[in-house]
Amino acid sequence: MNAITDYALPGLGPCLRLVDAQPLLPVLQAAMPGWALTECARQPFEPDICVWQQEEGFWQQAPALPKGMWLETAVGAACSVIADVSGAFLRQHPDYIGLHCGSAEIDGQLVIFPESHRAGKSTLTSAFAAAGFRVFGDDVVALTPEGEGVSLGIAPRLRLPLPSGIDSEFQDFVSTHQGPCDDRYGYLALDETLLASHGAKRPIGAIILIDRDNSVTTPQLTSLQHGEGLWQLLQQNFADTLSDQALMTKFWPLVQGMPCFLLRYSDAYQAAEFVGRHLSKALKAQPSSYTSPSFEAVMPEAPSLNRNDQRCWRARPTAHEYPLGDELFVIIEEGGAIHRMNVTSRAVWLLLQNEALDIDELSKTLTAFFMPVSREQVAKDVALLLGQFLVAGLIESVDCAN
């Protein structure tokens, strides 16, 4: 006869059934120590997430796995179950937005670092714990409408084996705090001083974009425009059912005054200690002045206009505009895609909202405003920018006499 046991989680209620899979329970409890998993009465209907232990591993089914998934180890099964219960929690709390990021508490506020391909988000989160900072998660943090980060109580998970050459203190910390692991992943065993419990909240104080570069000898923390952080949050979230416009409405008020930085580093532990020591000083840094026009949108690659193009252009009416520092985010049609403009492309956009201009007139105006800057370079930038604007449907050609 099968041994069937159901379990509940705070904020979710009964959500998990283990069938002959009791060996998975201590692994789950160790991997999510801040989110209490408790046995409950057997449910009349099968919970959404079910795991069966079989001869050489585990079989799991969940809403995200309608056909099921075979998992070879208890740690692999725990990773999959945790991903599913995290998704279930966010669906159960639609006022929260799930952010795909690591996070650590510094001076009573959270710094969050969104996912960046192979930049070592989980390793950096673990390094913050090793440096003595309480972490709120290495993969998912929930964001409240008031701009607070909410911990789910899940321990950082490191990819194994650890990279060679990492700081010896960090290696010792990982060795001392090794939790459940297999050949691919290992969870850290952290107490409540280093891992926030499920439901713990802290205001988000800064967004840190991360760039791991082995050529960097000393960690570097550089101020960025607020728009960099907003753009990352728009891309690194789990709100699949929300349009870009709905996400913009949620994120824009929260990040208007939120500092954003770029952290370049080679060693995660050194980077965590560096941020802990220098963040308060870095908060006083100011973004730069002129850069080449920058424009980002989800669209096919746009060809540059010919620099000798003599057509005049004007801005099309917009549905929504969201200024953020020196940058501007524009939505042309209700429910449409978001277009991001930096300080220079925003200047071009504002000029074209006032009057129809050609490439030469725009280049003269920008060169005069952003002196010293090469007229030839500005003309090249403007031709490329107008090509992007045109493909995105932001501008239209008009009679130059108008």
For [X], check side-chain contact (heavy atoms from CB on, under 4.5 Å) against everything at least two apart and list the hits.
X: P10; value: W35, H198
X: Q60; value: I49, V51, A62, L65, L71, S80, V81, D84
X: E192; value: none
X: A78; value: L24, V27, L28

Restricting to non-hydrogen atoms, name the atom on I106 and the atom on G276 that form the minimum distance, rounded to 0.1 Å. CD1-CA, 4.3 Å
For the residue pair F170 and F173, does the interplanar ring angle fall in the parallel (under 30°), tilted (30 to 60°) or perpendicular (over 60°) class? parallel
Do the rings of F389 and W349 sit parallel, tilted or perpendicular, given the 30° and 60° boundaries? perpendicular
Counting only N and O atoms by type, is there a donor-acceptor contact under 3.5 Å from the side chain of [X] to the main-chain atoms of [Y]?
X: D138; Y: R157; result: yes
X: D267; Y: I166; result: no
X: S151; Y: A196; result: yes

Sequence neighbours excluded - salt bridge (Lys or Arg N to Asp or Glu O under 4.0 Å) pairs with any residue from residues 165-191: none
D360: partners by salt bridge (Lys or Arg N to Asp or Glu O under 4.0 Å), with sequence neighbours left out: K364, R375
Under a 3.5 Å threshold, yes or no: a donor from one side chain and an acceptor from the other, between S168 and Q171? no
